[in-house]
Structure formats: C-alpha cells, structure tokens
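Down below is the structure, laid out as structure tokens.
Just so you know, these numbers use all the heavy atoms, side chains as well, and skip hydrogens, waters and symmetry mates. FYI, the numbering just counts along the sequence from 1.
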Amino acid sequence: AEVLYRCQIHPSTPTRDLGPQKFAALWREAVKQLKVAVKVGKIVTVPLKSLKKPLDKLTRDERFYVYRRAECGGCGAPVKKVTLGGRACI
C-alpha cells in the first residue's frame with residue numbers, strides 16, 4: 001500500500017494497465033523502501049529527512065502514510081480498506 005501510495009497508483013489498478021514507466025517507478029520505489037528498511041531496521045515509508053524525532057521514538061502512524069491508519073498521513077483523507085483477491089488493500 002505504501003509503495004503504491006508513493007507512486008500514486010490506485011490499488012485496484014491492474015498490473016497490465018501500469019505501462020513500462022509506471023512499472024519502473026513502482027520497482028524503483030520498492031527497492032528504495034527496502035534499502036531504507038535494511039538501513040534503519042524497520043519499515044519507514046515517509047522521507048527520513050522529514051522526521052522530527054529519532055526513529056526509535058516514532059509511532060506507527062508517524063512511519064507510514066496509509067498503512068493501518070484511519071486518515072492519510074499525506075493529505076488527511078480517509079483511508080479505505082478493500083479486499084482484492086482475498087488480500088486487504090489500503
């Protein structure tokens with residue numbers, strides 16, 4: 001959900017509709033997020049430079065834009081949860 005959010009791709013978008021540029025952007029963002037996770041030892045999808053306190057002091061809501069949140073950390077809109085193919089999507 002976080003990688004899709006960062007790439008501005010709706011979760012219900014079929015992969016076949018992404019096209020090469022969107023797919024490449026999605027791949028780059030996923031690689032970037034995994035590198036950050038390895039570096040800091042936890043998943044943090046908001047930009048590290050934007051953090052106002054140390055990583056070990058962050059709450060879950062402060063580490064994510066949409067994951068397990070009622071409101072989007074980026075724009076404040078309600079986060080909707082739907083099921084696609086038996087999986088929860090945000």
Side-chain angles (χ1 to χ4, degrees):
E2 295 290 318
V3 174
L4 293 173
Y5 173 82
R6 295 284 303 257
C7 293
Q8 298 180 342
I9 299 171
H10 193 278
S12 67
T13 304
T15 308
R16 68 178 176 271
D17 294 346
L18 290 179
Q21 291 176 333
K22 278 284 189 181
F23 182 82
L26 185 64
W27 185 264
R28 282 191 306 271
E29 185 63 28
V31 169
K32 178 180 165 185
Q33 292 301 322
L34 289 171
K35 285 181 179 180
V36 169
V38 168
K39 179 181 176 182
V40 302
K42 59 179 76 178
I43 302 292
V44 179
T45 59
V46 297
L48 295 178
K49 292 178 182 177
S50 72
L51 300 177
K52 295 181 176 31
K53 55 182 160 178
L55 285 170
D56 61 340
K57 303 290 185 197
L58 294 177
T59 66
R60 180 178 294 225
D61 281 353
E62 294 169 321
R63 292 179 20 223
F64 301 112
Y65 285 107
V66 295
Y67 182 69
R68 293 191 176 179
R69 293 186 60 143
E71 295 177 346
C72 174
C75 69
V79 174
K80 296 178 185 175
K81 183 177 175 183
V82 297
T83 302
L84 291 173
R87 307 248 340 162
C89 295
I90 304 165

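- Sorted by first and then second residue, the pairs that involve residues 39-49 and meet side-chain hydrogen bond (donor to acceptor under 3.5 Å, both in side chains), not counting sequence neighbours, are Glu2-Thr45.
- The side chain to side chain contact (heavy atoms under 4.5 Å, CB included) check on Lys80 picks up nothing, with sequence neighbours excluded.
- Residues meeting the side-chain hydrogen bond (donor to acceptor under 3.5 Å, both in side chains) test with Ser12, sequence neighbours left out: His10.
- Tracing side-chain contacts under 4.5 Å through hydrophobic residues (I, L, V, M, F, W, Y), one never reaches Val31 starting from Val36; they form parts of separate clusters.
- Judged as a side chain to side chain contact (heavy atoms under 4.5 Å, CB included), and not counting sequence neighbours, Pro20 has no contacts.
- In this view, Tyr67 and Phe64 satisfy the ring-ring contact (aromatic ring centres under 6.0 Å, His included) rule, not counting sequence neighbours.
- Thr15 meets the side-chain hydrogen bond (donor to acceptor under 3.5 Å, both in side chains) test with no other residue; sequence neighbours excluded.
- Take Leu4 and apply the side chain to side chain contact (heavy atoms under 4.5 Å, CB included) test, not counting sequence neighbours, and it matches Ile9, Pro11, Leu26.
- Residue pairs satisfying the ring pair (Phe, Tyr, Trp, His ring centres under 6.0 Å) criterion with at least one member in residues 15-46, sequence neighbours excluded, are absent.
- Listed here is the closest heavy atom pair of Ala25 and Cys7: O-SG, 3.6 Å.
- For the salt bridge (charged side-chain N to carboxylate O under 4.0 Å, His left out) test, residues two or more places apart in sequence or in another chain that qualify with Glu62 are Lys53.
- Annotation for Val79 and Glu71: closest pair CG2-C, 3.5 Å, computed over non-hydrogen atoms.
- Put simply, CG on Leu34 and NZ on Lys32 are 12.5 Å apart, with the number rounded to the nearest 0.5 Å.
- For residues 22-31, the pairs satisfying salt bridge (Lys or Arg N to Asp or Glu O under 4.0 Å) are Arg6-Glu29, with sequence neighbours left out.
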